[in-house]
Amino acid sequence: MSTGASETLLESEQAPGAEVPGEIAARSPRELFWRRLKRDKVALVALGIVLAMVAMAIFAPLIVKLFGLPDPNIQNDDLLGDFGEPTGPTSAHWFGVDERGRDVASRVIYGARGSLEVAFIATFLSVTIGTVVGMIAGYYRGWADTALSRVMDLFLAFPVLVLAVGLGVACADGCLGGVIQPGLNVVIFVITLTTWPYIARIMRGQVLSLREREFVEASRSLGAPDRRIIFREILPNLVAPIVVYSTVLIPQNILYEAALSFLGVGVDPSKPSWGAMISDATSIFEDAWWFMTFPGLALLITVLAFNIVGDGLQDALNPRTSR
Amino acid sequence: MSEALVEVRDLVKHFPIRKGIIFTKQVGAVQAVDGVSFDVMRGETLGLVGESGCGKSTTARLMTKLIEPTSGSMKWEGREIAGLSRREMVPLRREMQMIFQDPYSSLNPRKTVGTIIAEPFKIHGIGDDGPQRKKQVQELMERVGLNPEHYNRLPHEFSGGQRQRIGVARAIALKPKLIVADEPVSALDVSIQAQVLNLLRELQRDLGLTIVFIAHDLSVVKHMCDRIAVMYLGKVVELASSEELYSHPRHPYTGALLSAVPVPDPRLARQKQRQVLGGDVPSPTNPPNACRFHTRCPKFVEGHCNVEEPQLDKKGGGGGLAACHYPLSDDEVARRVPTAAA
């Protein structure tokens, strides 16, 4: 189909590449990302811990059964001491027993469920809301940007803990027409409400710079509607920051959940959570150090691992900002 | 080559400069394009040249309706399109396409070449996803001199010249009538420039394209264009056929530009009186009165050039137009641009 001229062009321009056997293929961004991540041993270990924690949360019942631990909600008075006091770690109950005769190890394992569930759902929601709002503000600019940015400022100005405790009390019987049920839902709601503006701000800034790129202009000159430009042209370029900020947000939200549970917001006794366990343990800390120590350690390790993974991802995705 | 495909009349684009955060007020305007008129004939290549900041790219974006003009009219095949809404423009988008300056920024880095070239078909709902479309895209890739096997590669795996070919393939996908090429080769190596230019010429011949070719490099324009419009500070100062502009420039600005082109023959070069313009281009926020070139013009006449604005009309023997009260004579041209007269 092409004429002589373009064939000579073909040769001269593509001489070193193309069909020559033993061609050196360019590395895709994904390959480069993996190569850089693999070099970061600390992040890989942390990633292992994170995956283990997630597995622990998902397979909590299996793990508990495997190690022959009692169900987390079984209150067995026989396990308590002579005076009804909690007992320390033994070979049968590695992390000891709490004041109601419940196995702490079993509760810590199940606690991963509550913590990670809240952290993942809240992170997913706030990243979704934040990205959509940020993209709209950044893409349309003008009054839409002004209005949405002021709304973000408003949400950032909320006193989070006061709001959470208040909502926890107010939503004891469910609020917003039953959308928000008491329990972990309140915690998820509060966390989402207060963290989406951070994501929205970051995404707004990214979109402001992306929308000036020529490929967006090219798409407009082809007659693409805004919706297509936003979701098909701009969104794929936001994947890296979304991944990085999600991994930063997850540990933050795990801590958030712990703090809110500690304050008694959304406490559902049938669902063990690390924050709630630490809260329960404070009153008997002097007699039963194990009751507070093990959920606290679980929290510490998980948050630390997530943070290190987040740093590793950041470095691997943006090599130019490396330390 | 007679009928006008696009008629541009008194096109103006002022970008407002605003101050304040909440209570904004306009404190001025960048007069990027200020009353530009020209026709683009069917099948021709019209060159737009000028220094950076003279409004070339803004004119390109006005012509493809990527930005709305402040005032003025633009007719497409006799139909006014200056005020059309985005939705009304969609069917017309198939007929006018743009090639962008920077091949590194004009392709979405997250999409494969196949997806990028298939985009025009998807947006205009032509055909459906499947082997048919893949075949179409691969034909286009072959057409612009790319290996169709590289369908699934990402833009970063290509060189600058190859990327520009991808941009060309995307632009010709819908078989447009007009292509506006905004400095399509200025980001490329000189050796690659010629290849892309030849590709454009070849496509023009085969597909009957009309091209508006924007550049700041006079030699590139000479190679490509039938007619050339020279712009200075948002105005067209000279509009003539390619041979005439190079042999008999009428506007002193064009004369100065041509005089800056190096002469390969040392004997001729010694004869040449190089015309060096003093100073810088004045700010487009506050352009000079009347003739915008008067602050730097070697033929400036006090009381005339800075009072009365020259109109773009016939000067000298040829058919070219120039906006100048005191156009260059043949004698002056011969001294400044010895190659032109020879």
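First the proteins, then the strands, lettered A, B, ... as listed; each starts at 1.
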B:Phe121 CZ: over 12 foreign heavy atoms closer than 6.0 Å: yes
For B:Arg61, is it the side chain, the backbone, both, or neither that has a heavy atom closer than 4.5 Å to a heavy atom of chain A? side chain
Under 4.5 Å from any heavy atom of chain A, what part of B:Leu66 do you find: side chain, backbone, both or neither? both
Most contacts with chain A, counted as non-hydrogen pairs under 4.5 angstrom, among B:Gln101, B:Met98, B:Met89, B:Glu119: B:Glu119
So CZ of A:Arg232 and CG of B:Asn108: to nearest 0.5 Å the spacing works out to 12.0 Å
Should we say atom CD of B:Gln132 is surrounded by more than 12 heavy atoms from elsewhere, each under 6.0 Å from it? no
Using non-hydrogen atoms and a 4.5 Å limit, figure out which bit of B:Arg86 sits close to chain A: side chain, backbone, both or neither. side chain
Give a yes or no on this: more than 12 heavy atoms of other residues, nucleotides or ligands lie within 6.0 Å of atom NZ of B:Lys122. yes
Taking every non-hydrogen pair under 4.5 Å, which of B:Leu92, B:Asp102, B:Val90 racks up the most with chain A? B:Asp102
Over 12 non-hydrogen atoms of neighbours within 6.0 angstrom of OH in B:Tyr151: yes
B:Phe100, CZ: over 12 other non-hydrogen atoms inside 6.0 angstrom: yes
So which residue, B:Ile123, B:Ile116, B:Ile99, B:Leu107, ends up with the most heavy-atom pairs under 4.5 Å with chain A? B:Ile123
Spell out, as yes or no, whether a donor-acceptor pair under 3.5 Å connects the side chain of B:Ser105 to the backbone of A:Glu214. yes
Give the interface residues of residues 168-175 of chain B toward chain A, defined by a heavy-atom separation under 4.5 Å. B:Arg170
Tell me the residues of residues 215-230 of chain A whose non-hydrogen atoms fall below 4.5 Å from those of chain B, in number order. A:Phe215, A:Glu217, A:Ala218, A:Ser219, A:Arg220, A:Ser221, A:Leu222, A:Gly223, A:Ala224, A:Pro225, A:Asp226, A:Arg228, A:Ile229
Salt bridge or not between A:Glu233 and B:Lys111? Use side-chain N to carboxylate O under 4.0 Å. yes
